[in-house]
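As the structure is a computational prediction, the values presented were derived from the model and not from experiment. Residue numbers count from 1 along this sequence.
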Amino acid sequence: CASAVMQFLPEDLGRFARQHADVRIELQEHFSGDVLRAVQEGAADIGVCNASALPHGSENPSAPLQWRPWRQDRLLLVTSAAHPLAGRQSVDFADTLAFDYVGLHAASSISQAMQQAASAAGRSARLRIRVSDLAAMCRMIDQGLGLGLMPERAFALLRGAGRLAGVPLTDAWATRQIILLARNFDSLPAAARALVEHLGAAAAA
C-alpha cells in the first residue's frame with residue numbers, strides 16, 4: 001500500500017538489497033484491496049497492505065492466503081498552520097466533520113477508514129477535492145483547501161511541503177495494522193522467504 005511504501009519500505013528494502021546484492025526486487029504500489037487480489041492471483045509473491053483489506057470476521061483472508069502482522073501506523077489530522085484546529089493537542093474525528101477535507105482516491109485505505117468513521121458518527125465527510133498522493137494532499141492543505149488524514153510517519157517526512165500542523169486523533173481506529181501477505185509463507189522462493197524474514201526482523205528492532 002502507498003503509505004507503507006512511503007513510511008517503512010525504502011529503508012527496509014535498502015538494507016535488504018545491500019545484504020543480498022544478487023536478489024532483484026520488483027516493487028509495485030497499489031491500493032490495499034488490489035494488493036490482496038494480486039497475491040491471491042499469484043501476480044505477487046508477497047504483499048504489504050492494511051489489515052482492513054482482509055475480509056471481516058476472518059482471522060485470515062480467503063484461502064489459501066496467509067498473513068503476518070508487520071508494522072503499525074497512526075493517522076493524524078493534518079491542517080494548515082492557520083486552521084482553528086491547528087493548535088489542538090488532540091481531536092475526535094467527529095469534531096472535524098464540520099470542515100472541508102482534502103481526500104485521497106476512494107479506494108485508498110485512508111479514504112475508506114475516513115468514510116466509515118464519518119458514517120459511524122451519523123455524518124459524511126465534506127470532500128472538497130481528491131488528490132492522488134500524500135504529497136499533493138499536503139500542498140492542498142497548505143493552500144487552505146481543507147483538512148487531511150495521513151499516517152504520522154508520513155507527515156513527519158512531508159511536513160516541509162507547507163505550513164502545516166499535525167493533530168493526533170483520539171479515535172481507536174486511527175491506529176492501523178499493516179500486514180505481510182503470501183499464499184503460503186513456507187512455500188515462497190528462497191529469496192522471498194529471506195525478504196519476509198528481513199522485514200519481520202526490521203519491524204521488531
Tell me whether the count of non-hydrogen atoms from other residues, nucleotides or ligands lying under 6.0 Å of CD in Gln89 goes above 12.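 No - once you tally the heavy atoms of other residues, nucleotides and ligands closer than 6.0 Å, there are 12 at most.
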
Do [X] and [Y] touch side chain to side chain, with heavy atoms closer than 4.5 Å?
X	Y	value
Pro151	Leu75	yes
Asp34	Glu29	no
Leu158	Val78	no
Arg183	Gln40	no
Val196	Leu188	yes
Leu54	Trp67	yes
Ser52	Gln177	no
Phe155	Leu134	no

Determine whether Phe16 and Leu199 satisfy the following criterion, side-chain contact (heavy atoms from CB on, under 4.5 Å), listing intermediate values before the conclusion. CA-CA 9 Å; Phe16 182 82; Leu199 293 175; over 6 Å; no

Side chain [X], main chain [Y], donor-acceptor under 3.5 Å:
X	Y	answer
Thr79	Leu147	no
Gln66	Phe185	yes
Ser108	His105	yes
Asn50	Ala53	no

Nearest heavy atoms of [X] and [Y], plus distance in Å:
X	Y	value
Cys138	Met150	SG-CE, 3.4 Å
Arg130	Leu104	NH1-O, 2.6 Å
Asp45	Ala192	CB-CB, 4.4 Å
Leu85	Val167	O-CG2, 3.4 Å
Val35	Gly47	CG1-CA, 3.6 Å
Leu127	Val102	CD2-C, 4.5 Å

With rounding to the nearest 0.5 Å, note down the distance linking [atom1] in [X] to [atom2] in [Y].
X	Y	atom1	atom2	value
Arg37	Ser32	CZ	OG	10.5 Å
Met137	Ser132	CE	OG	10.0 Å
Leu77	Phe99	CG	CZ	9.5 Å
Trp173	Met114	CH2	CE	8.5 Å
Gln143	Arg163	CD	CZ	7.0 Å
Thr96	Leu149	OG1	CG	7.0 Å

Decide side-chain contact (heavy atoms from CB on, under 4.5 Å) for Leu76 and Leu169; before the verdict, give the C-alpha distance in whole Å, the side-chain angles of both, and the deciding distance to 0.1 Å. CA-CA 6 Å; Leu76 285 178; Leu169 292 170; over 6 Å; no

Ion pair present between Asp12 and Arg71, side-chain N to carboxylate O less than 4.0 angstrom? yes

Using a strict threshold of under 4.0 Å (side-chain N to carboxylate O), is an ion pair present between Arg139 and Asp142? no

Verdict with reasoning, Arg176 to Ser109, per side-chain hydrogen bond (donor to acceptor under 3.5 Å, both in side chains): CA-CA 10 Å; Arg176 310 187 308 160; Ser109 59; 3.0 Å; yes

side-chain contact (heavy atoms from CB on, under 4.5 Å) between Cys49 and Ile178: does it pass, once the steps are laid out? CA-CA 6 Å; Cys49 73; Ile178 301 173; over 6 Å; no

Classify the angle between the aromatic ring planes of Phe93 and Tyr101 as parallel (below 30°), tilted (30 to 60°) or perpendicular (above 60°). tilted

side-chain hydrogen bond (donor to acceptor under 3.5 Å, both in side chains) with Arg159: which residues, sequence neighbours excluded? none

Enumerate the side-chain hydrogen bond (donor to acceptor under 3.5 Å, both in side chains) contacts for residues 117-128, please, sequence neighbours excluded, ordered by first and then second residue. Asp100-Arg126

Can you tell which of Glu152, Gln72, Arg74 makes a side chain to side chain donor-acceptor pair (under 3.5 Å) with Thr175? Arg74

